[in-house]
Amino acid sequence: MSKYNFDEIVDRKGTNAIKVDALEPRYGNPDLIPMWVADMDFKSPPCVTEAIIERAKHGIFGYTNAYQSYYDSIISWVNRQHDWDIKQEWISFIPGIVKGIAFAIDCFSTVDHKIIIQPPVYHPFRIIPTLHHRIVVDNPLKLNSGQYEMDIEGLKNLIDPTCKMLILCNPHNPGGRVWTRQELIDIAEICYDNDILVISDEIHSDLAFAPHKHIPFACVSEKAAQNSITFMAPSKTFNIAGIISSFSVIPNKEIREKFYAYLESSELESGHIFAYLATETVYNHGERWLTELKDYLWNNITFVDKYLKANIPQIKAMLPQASFLIWLDCRKLNLSQKELNFLFVNDAGLALNDGTMFGQGGEGYMRLNIGTPLSIIKKALENLKKAIDAKQIQY
Ligand SMILES: Cc1ncc(COP(=O)(O)O)c(C=O)c1O
């Protein structure tokens, strides 16, 4: 029997949640159904709310160090979820994964170095290096039977001595792929041999759907372990992105000392009371909630897939192997990207992410966030069907 109610509709308006309160400035309409920013509309596990309230009652919020039970909870979680034995000295708090990527870029590359990404991919992978005046090199993913694969030969061909870093989205956003061991081994081999540091962003890793199982990049080989920085967080898993509670894991001593000295030089490794507390609480007490969440998400995903097949066959869902984002292939609607956005926003009243923001390969796609009660998804799909029928779009 389920213990948690993911059907509950929680009004997020007026909480400064970007997903809801930025609809007006971003899309020009505050009443769109928000299915864009990658957080969920579910309440976080009750254990974390209770722990925060309990701590807040103390009334003093002075400087707080990371503490033993915080580290223990991370070590145990990563071991239980991902069969990866990590050591305490490998771990550091970071104030967000996107910021962590920026710090790594600053620390391990210089202006005009090349950074490899595999689009279509989470847009800060392109934006952050660009803002740091690095050259972003695309190794586009390949579509094979409706799923993305890495282009390993393409990667070999584009490498030159100015390539210093590869940012890996593991699992992948927006395609939802849980990469195979072989794909990760290939990346590890090529990058190690060419002195290209791998930044593995594993923020979506706890949300893999069986039979898919997330493989931490650093686990696949010694070359991977000795040439990588892994970023993880409880933020997507337990819907606590606003608490800012990410961390890095670095097995290699040299890379670790360099990166952690960089962080310490600006006190960037220094977290806050509620980050430590929330991380420890969800990792120690959130497992049952997560199991139920994944069942609920999977049900939402299959609902979307079936609905589209039956009612809007012009749009095809790429079934995610992890997380709550569905990459919608809308190319059969034969619309320009501008018309596609107009259809979703103005005709259907929906706020999704425009596929082109994820770079090469995003044309004709939209990204749908299904981390919301099923009743909202049903309403959104009905709106979409009506909008398409009204336009009598042929396929
Ligand atoms: C792949 C990926 N990395 C990082 C983030 C954001 O992480 P943070 O909030 O810790 O910067 C997201 C959020 O959508 C994401 O999808």
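Everything numeric here is computed off the predicted structure, so don't read it as measured data. Remember, it's 1-based here, ligands and their atoms both numbered in the order they're listed.
Partners of R12 under the salt bridge (Lys or Arg N to Asp or Glu O under 4.0 Å) rule, at least two apart in sequence or in another chain, are D39, D41. T64 meets the side chain to side chain donor-acceptor pair (under 3.5 Å) test with no other residue; sequence neighbours excluded.
The ligand atoms of ligand 1 that sit less than 4.0 angstrom from a heavy atom of A38 are 14 (O). Annotation for ligand 1: atoms under 4.0 Å from non-hydrogen atoms of S246 are 10 (O). Remark: ligand 1 atoms within the under-4.0 Å shell around heavy atoms of C169 are 1 (C). The distance from ligand 1 to the heavy atoms of G96 drops below 4.0 Å at these ligand atoms: 10 (O), 11 (O). Close contacts of ligand 1 with H204, meaning ligand atoms under 4.0 Å from a residue heavy atom, involve 1 (C), 15 (C), 16 (O).
A salt bridge links E183 with R177: at least one charged nitrogen is closer than 4.0 Å to a carboxylate oxygen. A salt bridge does not link K386 with D347: every distance from a Lys NZ or Arg NE/NH1/NH2 to an Asp or Glu carboxylate oxygen is 4.0 Å or more. Of the charged side-chain nitrogens involved, at least one lies within less than 4.0 Å of a carboxylate oxygen, so that K253 and E257 count as a salt-bridged pair. Using a cutoff of 4.0 Å between basic side-chain nitrogens and carboxylate oxygens, D112 and R134 are not scored as salt-bridged. Using a cut-off of 4.0 Å between Lys/Arg side-chain N and Asp/Glu carboxylate O, D329 and R331 are scored as salt-bridged.
In terms of protein heavy atoms, atom 3 (N) of ligand 1 is closest to D201 OD2, 2.5 Å. Of all protein heavy atoms, the one lying nearest to atom 5 (C) of ligand 1 is Y122 OH, 3.3 Å. Atom 10 (O) of ligand 1 has its closest protein heavy atom at I97 N, 2.7 Å. Regarding atom 14 (O) of ligand 1, its nearest protein heavy-atom neighbour is K236 NZ, 2.7 Å. For atom 7 (O) of ligand 1, the closest non-hydrogen atom of the protein is I203 CD1, 3.3 Å.
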Using the rule given for side-chain contact (heavy atoms from CB on, under 4.5 Å), can you reason through N300 versus K378, listing the C-alpha separation, both sets of side-chain angles and the distance that settles it, and then say yes or no? CA-CA 9 Å; N300 282 0; K378 285 183 178 164; over 6 Å; no
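Between L168 and W179, the shortest heavy-atom contact is CD1-NE1, 4.2 Å.
Within the 4.0 Å heavy-atom criterion, neither part of S235 lies near ligand 1. At a heavy-atom cutoff of 4.0 Å, ligand 1 is contacted by both the backbone and the side chain of V98.
Here's the thing with K99: none of its N/O atoms is less than 3.5 angstrom from an N/O atom of ligand 1.
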